[in-house]
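Written out below as structure tokens is the structure these notes cover.
This is a predicted model, so every value here is computed, not measured.
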Amino acid sequence: MKKNTRKCGEIKGSLSEIQPFFYIARSGANRREQKARVRDRMQGLFVVNAIAGNGVCPKIGVILPFARCRDEKLRESLFQLHALLARNKDVDNIKAHYAAIKSQLRKDFGDTLQISEHGSLNGFVSFERTSGLFSLLAEHFDYVTEFDDDPNGVATPTAYEAFQCKSYGEFLEWFNNRAISNEWGWDHCYPHIVFDDTGLINMSSSVPSDIVHPAFNLADYFSIRPDVQNRKITVKLVMGKYGWADLFLTLDEDSIGIDLSYVYPPFDSMLEWVKRIARADIPVQFDIDEEGDEKRLAVLSTGDPSRIFLRVTDVYDEEKVFVEGIVSRSELVQAFKDEFLRFFSSEFDPEHWEDSDDRGYSLKQRMLTDSWLVSVPVE
């Protein structure tokens, strides 16, 4: 899909390439703020949506990537903080983890960076509005003023400006002269560190709850050997009878057949999984229940946005690997898109998916009218 220049408004592409970043933002964004793309008045104010349950909470504010910190020692400390925050998914004692984070903050930042007492430790972490934080950002950071925004891929920053607000008061005046508020008076903003748990408003209303971001990220520990070639991926869907279909996934000569049951319908989750991969919103995985056996389809980052690691394992025994390998991200997405459209246009039989109501017809209509699925081919 053609990339779009975006100077403000809701970012459609994945933010994975610029995470982690500081995000100073107001909660809530109206439709005009979401839709804005090139308004001079709003330049530099971007809508980022924090995932909340099966929906999202839109916010609007400025993005200051850690990578744009001009002080090397400070930048290193911030990336170490990010690693500590991200470890939340692997810990059992959250109270002790909070204490460890606070101790690290005091050691590295004194009173400048203070985690919010009531904020969550997901990928959208809230911090207090300290005077020292704004002085630090003004001295050392740039903020993003323009993106090349690819809805089916990543959002790439193309322009920055130095952050110049040395206090929260200065920032509040700057922000409210640009934002579009429906209320009388000034809206308040809050600092966040963002490294995960972002989504799109128009994709969130039907996001299946079984789409998971696994804590383990391959690219944090390994890189692709120079001699490893991409494996060719083939996707085939076959209609069965009496509430069954089959997914055949092939990497070169290795293939796995997965039973798809209307009792545990997988197509909405499968489509959302592919959408996440298209946006480079990875790692991401979901499970298919075969009415007994369960298969896990997972995609991990390799550090190269164009190449991903795909593996299909047994849910209850992850050492049991059915297929795995490095594949082209765009080829995987296009293979699933093409097969979804072919299958639901010419082979899917609603009568054999659900015989007690119109569930099969609803699924077919939903798939063939999905705006992303019927969009132009992936580059």
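Connection of V321 to I256 is not established within any shared hydrophobic cluster, with ILVMFWY side chains joined at heavy-atom distances below 4.5 Å, either directly or through further cluster members.
Remark: E146 pairs with T158 by the side chain to side chain donor-acceptor pair (under 3.5 Å) rule, at least two apart or across chains. Shown here are the ring-ring contact (aromatic ring centres under 6.0 Å, His included) partners of F134, two or more places apart in sequence or in another chain: Y168, F171. For the side-chain contact (heavy atoms from CB on, under 4.5 Å) test, residues two or more places apart in sequence or in another chain that qualify with D304 are T302, S306, R307. By the ring-ring contact (aromatic ring centres under 6.0 Å, His included) test, F147 is found to be paired with F46, residues two or more places apart in sequence or in another chain being considered. With sequence neighbours left out, the side chain to side chain donor-acceptor pair (under 3.5 Å) criterion links R129 to no other residue. For Y143, the ring-ring contact (aromatic ring centres under 6.0 Å, His included) partners are W174, not counting sequence neighbours. Y190 pairs by the ring-ring contact (aromatic ring centres under 6.0 Å, His included) definition with nothing, not counting sequence neighbours. With sequence neighbours left out, T313 forms a side chain to side chain donor-acceptor pair (under 3.5 Å) with no residue at all. Contacts of R68 classified as side-chain contact (heavy atoms from CB on, under 4.5 Å), with partners at least two apart in sequence or in another chain: P65, D142, Y160.
At distances below 3.5 Å, not a single donor-acceptor pair connects side-chain atoms of S346 with backbone N or O atoms of F343. At least one donor-acceptor pair closer than 3.5 Å links the side chain of R329 to the backbone N or O of I277. A donor-acceptor pair is defined here as one N or O able to donate and one able to accept, closer than 3.5 Å; no such pair exists between the side chain of D370 and the backbone of R366. A distance-only check finds a donor-acceptor pair linking the side chain of D149 to the backbone of G13 [under 3.5 Å]. For the pair D289 (side chain) and G292 (backbone), a donor-acceptor distance under 3.5 Å is present. When atom types are taken as modelled, the side chain of R276 and the backbone of P283 share no donor-acceptor pair closer than 3.5 angstrom. When atom types are taken as modelled, the side chain of Q43 and the backbone of T145 share a donor-acceptor pair closer than 3.5 angstrom. Side chain of E128 to main chain of Q114: no donor-acceptor pair is present (N/O by atom type, distance under 3.5 Å, no hydrogens or angles).
For the pair R296 and D287, the salt-bridge criterion is met [side-chain N within less than 4.0 Å of a carboxylate O]. Remark: E10 engages K12 in a salt bridge, criterion side-chain N to carboxylate O under 4.0 Å. Between R342 and E339 there is a salt bridge, since at least one side-chain N of the basic residue sits less than 4.0 Å from a carboxylate O of the acidic one. Ionic pairing of D71 and K73 is not present here: no N-O contact between side-chain nitrogen and carboxylate oxygen is shorter than 4.0 angstrom. Salt bridge status for R26 with E33: present, with a side-chain N to carboxylate O gap under 4.0 Å.
Taking the six-membered ring wherever Trp is involved, the centroid distance between the rings of W353 and Y361 does not fall below 6.0 Å. Ring to ring, F22 and F127 are not that close: their centroids are 6.0 angstrom or more apart.
Annotation for E347: atom CD counts as buried by contact number, over 12 foreign heavy atoms lying within 6.0 Å. Few gaps surround CZ on F79; more than 12 heavy atoms of other groups in view lie less than 6.0 Å from it. Heavy-atom neighbours of Q164 CD from other residues, nucleotides or ligands within 6.0 Å: at or below the threshold of 12.
Residue pairs meeting the salt bridge (charged side-chain N to carboxylate O under 4.0 Å, His left out) criterion with at least one member in residues 106-116: none, sequence neighbours excluded.
Through chains of ILVMFWY side-chain contacts below 4.5 Å, Y316 is grouped with V315.
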Anything under 3.5 Å between a donor and an acceptor, one on a side chain of residues 233-245, the other on a protein residue two or more places apart or in another chain? List them.
none

- request: List the steps, then state whether salt bridge (Lys or Arg N to Asp or Glu O under 4.0 Å) holds for R231 with D254.
  value: CA-CA 10 Å; R231 304 190 75 182; D254 299 332; 2.7 Å; yes

